[in-house]
Amino acid sequence: TIGSIAKLASEASEGGETPINREINHFIKIISAVAIFLGVLFFVLGFILGLDALDNVVFAIGIIVANVPEGLLATVTVSLTLTAQRMAQKKVLVKNLEAVETLG
């Protein structure tokens, strides 16, 4: 019946991460590791070159912050919205944007 289908769909959407969540989390961990590595690398290089400690800290923080992808959230949201619109043209009702990625 329709009630049992709705119950199964709601239970499936509540548990676990969607594939896109896993991929984004993996991407963020990689970018964070690279940013921290570069920050520490330039911090150490600054000391080797004899630069001031405060300048090294400020530069390392700048390197770490500069590696943060600011447009990631907007890009993911736009792509999921476009996919939801394509599914709406096919008469598919989408309640959750993350479900769009799972459904195709």
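Just so it is clear, the structure is predicted and the values come from calculations on it, not from any experiment. Here, residue 1 is the first one in the sequence, and each next residue gets the next number.
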Donor-acceptor pairs are to be reported for all side-chain atoms of residues 28-52 against protein atoms at under 3.5 Å, with residues two or more places apart or in another chain.
{"unit_1": "Ser32", "atom_1": "OG", "unit_2": "Ile28", "atom_2": "O", "d": "2.8"}

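Atom CD1 of Ile61 and atom CD1 of Ile63 lie 11.5 Å apart (nearest 0.5 Å).
Taking the side chain to side chain contact (heavy atoms under 4.5 Å, CB included) definition, one finds that Val68 meets it with nothing, sequence neighbours left out. Scanning for side-chain hydrogen bond (donor to acceptor under 3.5 Å, both in side chains) contacts around Asn25 gives Glu17, with sequence neighbours left out.
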